[in-house]
A.B. asks: 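Here it is: the structure, laid out below.
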Amino acid sequence: MFRTKRSGLVRRLWRSRAPVEGDGEADRGTHGSGGCCMGKTTKVAKSNAGTEAELKALTHSILKKIKEKQLEVLLQAVESKGGARSPCLLLPGKVDAKVGQQSYSLPMLLYKVFRWPDLRHSSELKRLSCCESYGKINPELVCCNPHHMSRLCELESPPPPYSRYPMDYLKPPVSSCLFFAASHRSNHLLLSLFPSDSLALQESGDRAHWCVVAYWEEKTRVGRLYSVQEPSLDIFYDLPQGNGFCLGQLCSDNKSQLVQMVRAKIGYGIQLTREPDGVWVYNRSCYPIFIKSATLDNPDSRTLLVHKVFPGFSIKAFDYDKAGSLQRPNDHEFTQQPRTGFTVQISFVKGWGQCYTRQFISSCPCWLEVIFNTR
């Protein structure tokens, strides 16, 4: 019997499904199955043989009803683990599928099969900036591309209304950004701290940058400041079709084996996105990242926490509204780091702070400093 192209695509998709913990394939939470940030961990037990067979039959049945071109889009996204650009996969959002006693919408089922087996509810999801379908196409169709979505890092904090998935049929993201009111002195401070980089901040001409990014290896900064004008920026070491800040192209003299090992693990890196309510960070890599930001914690706290963000998760790393109430540089938190209130620090793979052997981010092998323009 000749096998059709459609059947071949369906089989390849099933082989590329997200591993469930205990099946011998799941590893370090690299596919995003797990908790996030505030010590939350959610583990999903291995399905029994009956449920697995039922899920396989249901998934095959649904996939065989999808057009071949759409299957190719889904396969490209799944096999590249989001590394290759793929368009929206528009399918009916109100079609329900039942596995055991549980009913799922079609998008939810695809997300569980291909990204997060432990996904419980659509409120745990946030769409990414690459998803352009909302508000522009027939609202009966929603984007089901698993790599156009991310998991929310703090489940008790709902996603902003413009990005909540899936049944609100939301408007597309706005192009402008509501910056918080802040002192004009921040730009002068930035230039005085990095005088050799003043040209980099002016290369964009009339286009105002909303932040600049510095890459560090331990205590040494590598390369120049990267000025950001676009609403979204990919920061990566090795990303298919990558467009943004490529750390792999920077010249580093660091011979430390730990630095070289962590550098190689950055992979797809992170996506930094400016949105109306703040700056979001999406972990695209296969390893956790660690974030410290003044707006992630109580502004009265004397010690800011370092938050662990697992692969596939997003976190609002900087909140514009909260930033307006931050303590000023003459207070305790800012004594040693005068820009803390207007920066976000991100470490790849290795954490620092109270819960880790490294007390300072300057001890981390590879890390970023995102410095905001508050004009």
A.B. asks: Is it true that Gln354 and Tyr356 share a donor-acceptor pair across their side chains at a distance under 3.5 Å?
C.D. replies: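 Note: Tyr356 and Gln354 side chains miss the donor-acceptor criterion.
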
A.B. asks: Does Ile235 form a side-chain contact (heavy atoms from CB on, under 4.5 Å) with Val213? I'd like the steps, not just the answer.
C.D. replies: CA-CA 9 Å; Ile235 305 174; Val213 180; 4.0 Å; yes

A.B. asks: For side-chain contact (heavy atoms from CB on, under 4.5 Å), just list the numbers for Trp352 and Ser347, CA-CA rounded to whole Å, side-chain angles, deciding distance to a tenth of an Å, and then say yes or no.
C.D. replies: CA-CA 8 Å; Trp352 82 99; Ser347 174; 3.6 Å; yes

A.B. asks: Please confirm whether the backbone N or O of Leu90 pairs with a side-chain atom of Gln70, one donor and one acceptor, at under 3.5 Å?
C.D. replies: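 Checked: pair present.
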
A.B. asks: Is the backbone of Pro117 close enough, under 3.5 Å, to the side chain of Lys112 for a donor and an acceptor to pair up by distance?
C.D. replies: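 At least one qualifying donor-acceptor pair exists.
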
A.B. asks: With the side chain counted from C-beta on, respond yes when Leu125 and Trp116 share a heavy-atom pair under 4.5 Å apart, and no when they do not.
C.D. replies: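 Counting from C-beta outward, Leu125 and Trp116 do come under 4.5 Å.
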
A.B. asks: Check whether Leu272 and Phe313 end up in the same hydrophobic cluster, where Ile, Leu, Val, Met, Phe, Trp and Tyr are linked by side-chain heavy atoms less than 4.5 Å apart.
C.D. replies: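 Hydrophobic grouping puts Leu272 with Phe313.
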
A.B. asks: Can you find a heavy atom in the side chain of Tyr320 that is under 4.5 Å from one in the side chain of Val279?
C.D. replies: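 A side-chain contact under 4.5 Å exists here.
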
A.B. asks: I need the Arg224 CZ to Leu250 CG distance, nearest 0.5 Å.
C.D. replies: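 Atom-to-atom, Arg224:CZ and Leu250:CG are 11.5 Å apart.
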
A.B. asks: Do the side chain of Thr59 and the main chain of Leu55 share a donor and acceptor less than 3.5 angstrom apart?
C.D. replies: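 Side chain of Thr59 to backbone of Leu55, a donor-acceptor pair under 3.5 Å: yes, one is there.
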
A.B. asks: Measuring from Ile66:CD1 to Leu89:CG, what's the distance to the nearest 0.5 Å?
C.D. replies: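 Reported to 0.5 Å precision, the distance equals 6.0 Å.
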
A.B. asks: Kindly indicate whether the side chain of Ile346, heavy atoms from C-beta on, has any atom under 4.5 Å from the side chain of Val281.
C.D. replies: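 Sidechains of Val281 and Ile346: in contact.
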
A.B. asks: Please determine whether a side-chain nitrogen of the Lys or Arg among Lys5 and Glu72 lies less than 4.0 Å from a carboxylate oxygen of the Asp or Glu.
C.D. replies: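 Result for this pair is yes, salt bridge flagged.
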
A.B. asks: Could you measure the distance from the OG atom of Ser16 to the CG atom of Leu74? Nearest 0.5 Å is fine.
C.D. replies: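 Separation between the atoms: 9.0 Å.
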
A.B. asks: Please tell me whether Ser285 and Asn283 have a donor and an acceptor in their side chains that are separated by less than 3.5 angstrom.
C.D. replies: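 The answer is yes; a qualifying pair exists.
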
A.B. asks: For the side chain of Glu218 and the backbone of Pro365, is there at least one donor-acceptor N/O pair under 3.5 Å apart?
C.D. replies: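 Not at all, since once roles are kept as given, no pair shorter than 3.5 Å links the two residues.
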
A.B. asks: Do Phe114 and Leu71 land in one hydrophobic cluster if side-chain heavy atoms of ILVMFWY residues count as linked below 4.5 Å?
C.D. replies: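 Yes; Leu71 is reachable from Phe114 via cluster members.
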
A.B. asks: When you check the gap from the basic side-chain N to the acidic O, do Glu275 and Lys316 get nearer than 4.0 Å?
C.D. replies: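 So Glu275 does not pair with Lys316 through a salt bridge.
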
A.B. asks: Heavy-atom distance under 4.5 Å between the side chains of Phe290 and His307, does that happen here?
C.D. replies: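 In short, these two side chains do not touch, never coming nearer than 4.5 Å.
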
A.B. asks: Are Tyr287 and Phe310 packed together at the side-chain level, in the sense that at least one heavy-atom pair is separated by less than 4.5 angstrom?
C.D. replies: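 No - every pair of side-chain heavy atoms lies 4.5 Å or more apart.
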
A.B. asks: Which atom names give the shortest non-hydrogen contact between Cys246 and Tyr237, and what distance separates them?
C.D. replies: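 Shortest heavy-atom contact: SG-O, 3.9 Å.
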
A.B. asks: At what distance, to the nearest 0.5 angstrom, does CZ of Arg284 lie from NE2 of His147?
C.D. replies: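 Taking CZ in Arg284 and NE2 in His147, the distance rounds to 10.0 Å.
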
A.B. asks: Which atom pair, heavy atoms only, marks the closest approach of Cys144 to Leu110?
C.D. replies: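 The pair with the smallest heavy-atom distance is CB-CD1, 3.8 Å.
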
A.B. asks: Using distance alone, with no hydrogens and no angle criterion, decide if Thr343 and Gln345 have a side-chain donor and acceptor under 3.5 Å apart.
C.D. replies: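 Judged by distance alone, the side chains do not pair up.
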
A.B. asks: Does Arg120 come within less than 4.0 Å of Glu124, counting only side-chain N to carboxylate O?
C.D. replies: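 Salt bridge: yes.
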
A.B. asks: Tell me if a side-chain donor or acceptor on Arg274 pairs with a main-chain N or O of Pro231 at a distance below 3.5 Å.
C.D. replies: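 Side chain of Arg274 to backbone of Pro231: no pair is present.
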
A.B. asks: Do NZ/NE/NH1/NH2 and the carboxylate oxygens of Glu369 and Lys292 come within less than 4.0 Å?
C.D. replies: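 No, this pair does not count.
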
A.B. asks: Salt bridge or not for Arg151 and Asp118, using N-O below 4.0 Å?
C.D. replies: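 A salt bridge links Arg151 with Asp118.
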
A.B. asks: Is it true that Asn145 and Ser86 share a donor-acceptor pair across their side chains at a distance under 3.5 Å?
C.D. replies: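 Ser86 vs Asn145: donor-acceptor pair found between side chains.
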
A.B. asks: Would you say the side chain of Ser314 lies within less than 4.5 Å of the side chain of Leu128, judging by non-hydrogen atoms?
C.D. replies: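 Yes - at least one pair of side-chain heavy atoms lies under 4.5 Å apart.
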
A.B. asks: Please report the C-alpha distance between Arg263 and Glu217 in whole Å, then the side-chain angles of each, then the deciding distance to 0.1 Å, and finally whether the salt bridge (charged side-chain N to carboxylate O under 4.0 Å, His left out) criterion is met.
C.D. replies: CA-CA 9 Å; Arg263 192 190 301 146; Glu217 292 179 350; 3.0 Å; yes

A.B. asks: For Gly353, does its backbone N or O pair with a side-chain atom of Arg358 as donor and acceptor, under 3.5 Å?
C.D. replies: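 A pair under 3.5 Å: no.
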
A.B. asks: Is it possible for you to say whether Val259 and Ile361 belong to one hydrophobic cluster, with membership spreading through side-chain heavy-atom contacts below 4.5 Å?
C.D. replies: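 No; Ile361 is not reachable from Val259 via cluster members.
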
A.B. asks: Determine yes or no for a side-chain-to-main-chain donor-acceptor pair under 3.5 angstrom, with Thr273 supplying the side chain and Ser232 the backbone.
C.D. replies: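 Here the side-chain-to-backbone pair does not exist.
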
A.B. asks: Kindly give the heavy-atom pair with the smallest separation between Cys211 and Val370, and that separation in Å.
C.D. replies: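 What the structure gives for the nearest pair is SG-CG1, 3.9 Å.
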
A.B. asks: Determine the minimum heavy-atom distance between Trp210 and Glu230, stating which atoms define it.
C.D. replies: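 Distance-wise, the nearest heavy atoms are NE1-O, 2.7 Å.
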
A.B. asks: Does Gln359, at its CD atom, have more than 12 non-hydrogen atoms belonging to other residues, nucleotides or ligands within less than 6.0 Å?
C.D. replies: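 Count over threshold, so yes.
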
A.B. asks: For residues Arg115 and Met149, report the shortest heavy-atom separation together with the two atoms involved.
C.D. replies: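 Taking every non-hydrogen atom into account, NH1-O, 2.9 Å.
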
A.B. asks: Using side-chain contact (heavy atoms from CB on, under 4.5 Å), reason through Tyr215 and Cys366 one step at a time and then give a plain yes or no.
C.D. replies: CA-CA 8 Å; Tyr215 170 63; Cys366 304; 3.4 Å; yes

A.B. asks: Report whether Leu109 and Leu119 are members of the same hydrophobic cluster (ILVMFWY, side-chain heavy atoms less than 4.5 Å apart, transitive linking).
C.D. replies: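 Shared cluster, yes.
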
A.B. asks: Aromatic contact between Phe372 and Phe318, with the criterion being ring centroids under 6.0 Å apart: yes or no?
C.D. replies: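 Aromatic pair counts; centres sit under 6.0 Å.
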
A.B. asks: Does NZ or CZ of Arg17 fall inside the cone over Trp14's six-membered ring, less than 6.0 Å from its centre and within 45° of the axis?
C.D. replies: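 Ring-cation test returns yes.
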
A.B. asks: Is there a donor-acceptor contact under 3.5 Å from the side chain of His121 to the main chain of Ser123?
C.D. replies: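 Yes.
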
A.B. asks: How long is the straight-line distance from OG1 of Thr4 back to CG of Leu9, given to the nearest 0.5 Å?
C.D. replies: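 Reported to 0.5 Å precision, the distance equals 8.5 Å.
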
A.B. asks: Dump the intermediate steps for side-chain contact (heavy atoms from CB on, under 4.5 Å) on Gln271 and Trp280, then the final yes or no.
C.D. replies: CA-CA 8 Å; Gln271 186 176 81; Trp280 287 79; over 6 Å; no

A.B. asks: Give the minimum heavy-atom separation between Leu233 and Gly244, together with the two atoms involved.
C.D. replies: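 Closest pair (atom of Leu233, atom of Gly244, distance): CD1-CA, 3.9 Å.
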
A.B. asks: Is the number of heavy atoms from other residues, nucleotides or ligands within 6.0 Å of CG (Asn254) greater than 12?
C.D. replies: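 Buried by this count: over 12 neighbours within 6.0 Å.
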
A.B. asks: Say whether, by atom type as modelled, one donor and one acceptor occur between the side chain of Arg127 and the main chain of Cys143 under 3.5 angstrom.
C.D. replies: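 Not at all, since once roles are kept as given, no pair shorter than 3.5 Å links the two residues.
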
A.B. asks: Flag the pair Val10 / Lys64 as yes when at least one side-chain heavy-atom distance between them is below 4.5 Å, and no otherwise.
C.D. replies: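 Contact flag for Val10/Lys64 side chains = yes.
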
A.B. asks: Give the cluster check for Leu239 versus Leu247: same hydrophobic cluster or not, with ILVMFWY residues linked at side-chain heavy-atom distances below 4.5 Å.
C.D. replies: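 Leu239 and Leu247: separate clusters.
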
A.B. asks: Is the closest side-chain heavy-atom distance between Tyr226 and Val212 below 4.5 Å?
C.D. replies: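 Side-chain contact under 4.5 Å: no.
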
A.B. asks: Could you measure the distance from the CZ atom of Arg221 to the CG atom of Leu368? Nearest 0.5 Å is fine.
C.D. replies: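 Rounded to the nearest 0.5 Å, the CZ-CG separation comes to 12.0 Å.
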
